Asks: 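The structure follows.
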Amino acid sequence: MQIHVQAFVESLRFMAEGMLGIFAVMAVIIAVIYGLNRLTARGE
């Protein structure tokens with residue numbers, strides 16, 4: 001089995017973009033849930 005170091009290094013950029021996209025979507029979902037909680041919270 002051969003490891004192509006150059007191909008691996010080039011793929012790191014795409015992997016980083018994918019991880020960044022996942023974290024961005026998670027942040028949006030968390031923000032929406034937080035906002036909905038604030039809008040629908042019953043006052044005590």
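Computed from a prediction, not measured in an experiment: that's the story for all the values here.
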Asks: R38: which residues meet the salt bridge (Lys or Arg N to Asp or Glu O under 4.0 Å) condition with it, sequence neighbours left out?
Replies: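 Per chain and number, R38 pairs via salt bridge (Lys or Arg N to Asp or Glu O under 4.0 Å) with no residue.
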
Asks: Which atom pairs, donor and acceptor, lie under 3.5 Å between side-chain atoms of residues 23-32 and protein residues at least two apart or in another chain?
Replies:
none

Asks: The criterion is side-chain contact (heavy atoms from CB on, under 4.5 Å); which residues satisfy it with E17, sequence neighbours excluded?
Replies: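 Here the qualifying residues are R13, F14.
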
Asks: To the nearest 0.5 angstrom, please state how far the NE2 atom of H4 sits from the OG atom of S11.
Replies: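 The NE2 atom of H4 sits 12.0 Å away from the OG atom of S11.
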
